[in-house]
> 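For reference, the structure I am asking about is given below.
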Amino acid sequence: MSLDPDDPRPPYQQVAASLRAAILTRKIAPGDKLPSQMELGRHYGVARMTVQQALRILKDEGLIVSRQGSGVFARARTEKPIGLRPHIERAFEQPQVEIDFSGYTAETLHGIIAEPLDKIRSGRLTPQSIRIRMLLSDMNRPLSLPVRTDGDVEASGPVRQRMADISARHAGAIEATVEELCDLGLVPECSIETRLHGSAPLFKVYIVNRTDAFFGYYPVVKHDVRIGGKKQAIFDPMGKDAVLFQRTDDGDPDSTDSQFVTQTRQWFDSVWNTIAAPKQP
């Protein structure tokens, strides 16, 4: 297929337009691998640099993602919610597993990594190292969330204690399981740590193997919880309603995705190394 010589657009824009149409009409379905740059060049009768310029446009539009060593893949537009579970499970298939999490209680993370950790225990997965860092809000401080609906932050201590107990249960279970795998010699090297900070939980972030970043806002909702046997109306960040958006570091330092992942890693490290303190036993 050669380009239209009467089309006033530069060749790279014509190639981008053709591929864009194929992706949006699902002739190239989400998850499908695109032909190589050489194959695309032959298909459109253009130089490889022209193909690279076209792919850069589609990356910036969020229509494709490039994975080093694997190729270029079509994906759904970034406005669509992303399922985290398959990405976490795929990470545990690698020799080195790194997960950084910042959020509310680590309940979702606990649920997602339970199966990969069970597979390690049964010998079906054999990572050589696991490194997990969790940044959580310090519920011993008078935070703005969670809070009673009357807004009394000081009187909301029992509300925060309830969430502190939930957080300790899930984060503690993750820590205990990973440490057990190391103690059993199933994973040669393990590092898992939780640090607390004084900011209210307003969003969640996952950074998986340093290449994939997932970000989502916690919607604040009003609902009733039982504290001391009595119902209490509170404003609470709702983790299960957080829609995640994904960006992948594709190795191109100028791409929007790569810059987002880099900035997210830098943000996480800055909080981890400054205002966050190790969780006390």
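Model, not experiment: these values are computed from the prediction. In this chain, numbering begins with 1 at the start of the sequence shown.
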> Between N140 and L196, does a side chain to side chain contact (heavy atoms under 4.5 Å, CB included) hold up when you go through it step by step?
CA-CA 10 Å; N140 290 318; L196 306 178; 5.6 Å; no

> Does the R160 side chain pair with the main chain of R141, one donor and one acceptor, at a distance under 3.5 Å?
yes

> What's the verdict on side chain to side chain contact (heavy atoms under 4.5 Å, CB included) for F92 and I113, showing C-alpha distance, side-chain angles and the deciding distance?
CA-CA 9 Å; F92 275 87; I113 71 172; 4.1 Å; yes

> State whether R133 and D269 are salt-bridged, where the test is any N-O pair (Lys NZ or Arg NE/NH1/NH2 against Asp/Glu carboxylate O) under 4.0 Å.
yes

> Any heavy-atom pair between the side chains of C190 and I192 that's under 4.5 Å?
no

> Would you say S66 and L55 make side-chain contact, with heavy atoms under 4.5 Å?
no

> Identify whether I132 and L136 are in the same connected component of the hydrophobic contact network (ILVMFWY, side-chain heavy atoms under 4.5 Å).
yes

> Determine whether a donor-acceptor pair (N or O, by modelled atom type, separation under 3.5 Å) exists between the side chain of S167 and the backbone of M163.
no

> Find out whether V46 and V51 are in side-chain contact, i.e. whether some heavy atom of one side chain is under 4.5 Å from a heavy atom of the other.
yes

> Please evaluate residues K59 and D257 with respect to the criterion side chain to side chain contact (heavy atoms under 4.5 Å, CB included), reporting the C-alpha separation (whole Å), side-chain torsions for both, the decisive distance (0.1 Å), and the verdict.
CA-CA 8 Å; K59 283 181 187 178; D257 281 16; over 6 Å; no

> Could you tell me whether the side chains of Q246 and T248 share a donor-acceptor contact shorter than 3.5 Å?
yes

> Could you measure the distance from the CG atom of L34 to the CZ atom of F73? Nearest 0.5 Å is fine.
9.0 Å

> Checking side chain to side chain contact (heavy atoms under 4.5 Å, CB included) for the pair R169/I166: CA distance, chi angles, key distance, verdict?
CA-CA 5 Å; R169 182 164 67 249; I166 293 174; 3.8 Å; yes

> Only one of Y206, F203, W272, F268 passes ring-ring contact (aromatic ring centres under 6.0 Å, His included) with F101; say which it is.
Y206

> Of all the heavy-atom pairs spanning S156 and P146, show the shortest one and how long it is.
CB-O, 4.4 Å

> Would E180 and R121 pass as an ion pair if we require N to O under 4.0 Å?
yes

> Tell me whether F260 is reachable from V65 by hopping between hydrophobic residues (I, L, V, M, F, W, Y) whose side-chain heavy atoms are closer than 4.5 Å.
no

> Looking at OG of S36 and CZ of R42, how far apart are the two atoms once the value is rounded to the nearest 0.5 Å?
6.5 Å

> For A54 and A16, work out which heavy atoms get closest and say how close.
CB-N, 3.7 Å

> Between Q128 and P188, is there a donor-acceptor pair closer than 3.5 Å when you use the side chain of the first and the backbone of the second?
no

> Can you confirm whether V208 sits close enough to I88 that some side-chain heavy atom of one is under 4.5 Å from a side-chain heavy atom of the other?
yes

> So which atom in V147 and which in V159 form the shortest heavy-atom distance, rounded to 0.1 Å?
N-CG1, 4.2 Å

> Do the side chains of K222 and I234 get nearer than 4.5 Å, heavy atoms only?
no

> Looking at side-chain heavy atoms only, is the closest gap between K279 and M134 below 4.5 Å?
no

> Say whether, by atom type as modelled, one donor and one acceptor occur between the side chain of R148 and the main chain of G151 under 3.5 angstrom.
no

> Any side-chain to backbone donor/acceptor pair from E189 onto V187? Under 3.5 Å, distance only.
no

> Please round to the nearest 0.5 Å and tell me the distance separating atom CD of Q37 and atom CE of M49.
10.5 Å

> Side-chain contact test, heavy atoms from C-beta onward, threshold under 4.5 Å: evaluate it for H223 versus D236 and give yes or no.
yes

> How long is the straight-line distance from CG of D32 back to NZ of K27, given to the nearest 0.5 Å?
14.0 Å

> First locate atom CG of L202, then atom CG of L143, and finally report the distance between them rounded to the nearest 0.5 Å.
10.0 Å

> Are a donor atom and an acceptor atom from the side chains of N209 and Q96 found within less than 3.5 Å of each other?
no

> Would you check if K204 and Y104 make a side-chain contact, meaning some heavy-atom pair closer than 4.5 Å?
no

> Linking I/L/V/M/F/W/Y whenever their side-chain heavy atoms sit closer than 4.5 Å, directly or via other members, would L3 and Y12 fall into one cluster?
no

> Do you know which two heavy atoms are closest between K33 and G71, and how far apart they sit?
CE-CA, 4.1 Å

> Roughly how far apart are I174 CD1 and E107 CD, rounded to 0.5 Å?
10.5 Å

> Mind checking whether I275 and W267 sit in one hydrophobic cluster, side chains of I, L, V, M, F, W, Y counted as touching below 4.5 Å?
yes

> Does R131 offer a backbone N or O that forms a donor-acceptor pair with the side chain of S191 under 3.5 Å?
no

> Could you verify whether a donor N or O on one side chain and an acceptor N or O on the other, from T211 and D249, lie under 3.5 Å apart?
no

> Hey, is E98 close enough to R265 for a salt bridge, meaning N to O under 4.0 Å?
no

> Could you report the tightest heavy-atom contact between L40 and P35, atom names first, then the distance?
CD1-O, 3.7 Å

> With no hydrogens and no angle check, is any side-chain donor or acceptor of T177 less than 3.5 Å from a backbone partner on A173?
yes

> Report whether M38 and V72 are members of the same hydrophobic cluster (ILVMFWY, side-chain heavy atoms less than 4.5 Å apart, transitive linking).
no

> Just to verify, what does T50 make a side chain to side chain donor-acceptor pair (under 3.5 Å) with, not counting sequence neighbours?
none

